[in-house]
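Proteins come first, then strands; the chains are lettered A, B, ... in the order of their sequence lines, and each starts at number 1. Quantities reported herein were computed from a predicted structural model and do not represent experimental measurements.
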2 protein chains.
Amino acid sequence: MTDTPIQKPHHHGDLRAALIQAGIALLTEGGKDSLTLRKCAARAGVSHAAPAHHFDGLAGLRGAIAQEGFRLFRLSMLEARATAGDNDLNRLKGICSGYLNFAIQNPALFDLIFSAAPMSTFEEGLKQGTSFAYEVLREACAPFVPVGQDPIVIETQVWSLIHGYSHLYMAGRFGPIDPSMQARGPIDAVMSLLDGLATPPKA
Amino acid sequence: MTDTPIQKPHHHGDLRAALIQAGIALLTEGGKDSLTLRKCAARAGVSHAAPAHHFDGLAGLRGAIAQEGFRLFRLSMLEARATAGDNDLNRLKGICSGYLNFAIQNPALFDLIFSAAPMSTFEEGLKQGTSFAYEVLREACAPFVPVGQDPIVIETQVWSLIHGYSHLYMAGRFGPIDPSMQARGPIDAVMSLLDGLATPPKA
DNA sequence: AACTCAAACTTGACACTGTAAAGATCAGAT
DNA sequence: ATCTGATCTTTACAGTGTCAAGTTTGAGTT
């Protein structure tokens, strides 16, 4: 085999990263129940007990996957913002579009990052990743904060709205209520919701 | 043993109901990972393979628990509405309060009923239970539908808002962002959000 | 250059899980 | 009284997480 420029610490190369990638692939392919320590190990070409040396059990692996998931989640929002218009409302819509897109395209991963243990039990890296992702949404909300009001009000409104819509849409809960909601397209639907919510700043 | 007025079909009495209750108890006590076919069977005092005659595997039990969960969910909303004021806005607030209360008091069950397979794969009973619960929220939204507008718009706004808030709050995601959000009390916080959302009917 | 030794990984085992097959039990109908 | 089918048990098997040992590897030390 030709030498690889990347250093290979000991045996595998970078087993920790490989296991995280294997886990995300398993989630994408087979849903949340397909995420298994032994299957991740098999994909990475190591024995079933190898992951124990890199993560604190299955919960630890899920935490590490959640951290990477938040990174991808943030990227999804940033990408959508980049292709949106250059005014404040379009930027906010872009962020929310990226939020929803991520949920639709990665349902199991979306479920994982928002169903992990309460933040209080998170390790520091995961806490940072979460706040880092939320910061993107936070920024986009800033122009719509009425003067003298705590930004947390609008932020919580928008976050709850787009999160609830994404979660319910992902679970297919809007379908049986009103099939036309699905037909008209999820992006357009949530955008019309934002139109009513994100009113101009000066009251 | 003294005879019980309730008829006991064959051996157990009503194993199906007992297994569902055992499952809900397990969820409440130990979280989602504690829900196990074998543990449910043990609680009901039957062998580990007995549940297979009443549910289609673990997925079937989860579906049945979800159906019962939606019934309790609906009751939570109705109870909260009953103790609310008698005007339209207070009724809507009451419903949402019941929504959030249920999520806070039964996090694992809340997670289950909204994370089950997409509705399209639900059995008919579960579909009905879901729509039946949503109908409560739907009714409370009716007074706030602007004339000439499709009710689905307001319904989706309110549903997404209260669901997203409940889901994020339940997962403890508001804590690290702004601890004061927790301190001031979740009910008050979500109510102030509704004040801004539920504007009077006639535009 | 040989040694040391700790990290990375493997092997084997155990308890627990879901699921299937086959047998036992029992209530009610014939 | 017997039959029948639903209910439940027993047994077995593959897959899972986790622990306790042993083995390999490679980097640093002397």
- Do you know the tightest heavy-atom contact between A:Leu137 and A:Val158?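 Taking every non-hydrogen atom into account, CD1-CG1, 4.0 Å.
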List every contact pair, protein side and nucleotides 18-21 of chain C side both N or O, where the distance is under 3.5 Å.
unit_1	atom_1	unit_2	atom_2	d
C:dG18	OP1	B:Leu37	N	2.9
C:dG18	OP2	B:Leu37	N	3.2
C:dG18	OP2	B:Arg38	N	3.2
C:dG18	N7	B:Arg38	NH1	2.4
C:dG18	O6	B:Arg38	NH1	2.9
C:dT19	OP2	B:Leu58	N	2.9
C:dT19	O4	B:Arg38	NH1	3.4
C:dT19	O4	B:His48	NE2	3.3

Spacing between [X] atom [atom1] and [N] atom [atom2], to the nearest angstrom:
X       : N      : atom1 : atom2 : answer
A:Leu61 : D:dT18 : CG    : C1'   : 14 Å
A:Phe55 : C:dA8  : CZ    : P     : 12 Å
B:His54 : D:dT9  : NE2   : P     : 10 Å

- Query: Quick check: does any side chain N or O of B:Ser97 sit under 3.5 Å from a backbone N or O of B:Lys93, one acting as donor and the other as acceptor?
  - Reply: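 No: the side chain of B:Ser97 does not pair with the backbone of B:Lys93.
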- Salt bridge present between A:Glu139 and A:Arg81 (N-O < 4.0 angstrom):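 A salt bridge links A:Glu139 with A:Arg81.
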- Does the cation-pi check pass for A:Arg173 over B:Phe114, that is, NZ or CZ under 6.0 Å from the six-membered ring centre and within 45° of its axis?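 Because its charged atom misses either the 6.0 Å distance or the 45° angle limit, A:Arg173 does not stack over B:Phe114.
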- Does B:Arg16 make a cation-pi contact with B:Phe55 (under 6.0 Å, within 45 degrees of the axis)?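 The answer is no; the distance or angle limit is not met.
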- Item | Over 12 non-hydrogen atoms of neighbours within 6.0 angstrom of CG in A:Asp86 |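 12 or below, so no.
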- Message: Please evaluate residues B:Thr36 and B:Leu58 with respect to the criterion side-chain contact (heavy atoms from CB on, under 4.5 Å), reporting the C-alpha separation (whole Å), side-chain torsions for both, the decisive distance (0.1 Å), and the verdict.
- Response: CA-CA 8 Å; B:Thr36 282; B:Leu58 179 59; over 6 Å; no
- Task: Enumerate the residue pairs fulfilling salt bridge (Lys or Arg N to Asp or Glu O under 4.0 Å) with a member in residues 23-39 of chain B, sequence neighbours excluded, ordered by first and then second residue.
- Result: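 Non-adjacent pairs meeting salt bridge (Lys or Arg N to Asp or Glu O under 4.0 Å): B:Glu29-B:Arg43, B:Lys32-B:Asp111.
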- Item | Nucleic acid contacts - residues 15-26 of chain A versus DNA chain D, non-hydrogen atoms under 4.0 Å |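 Result for residues 15-26 of chain A: none.
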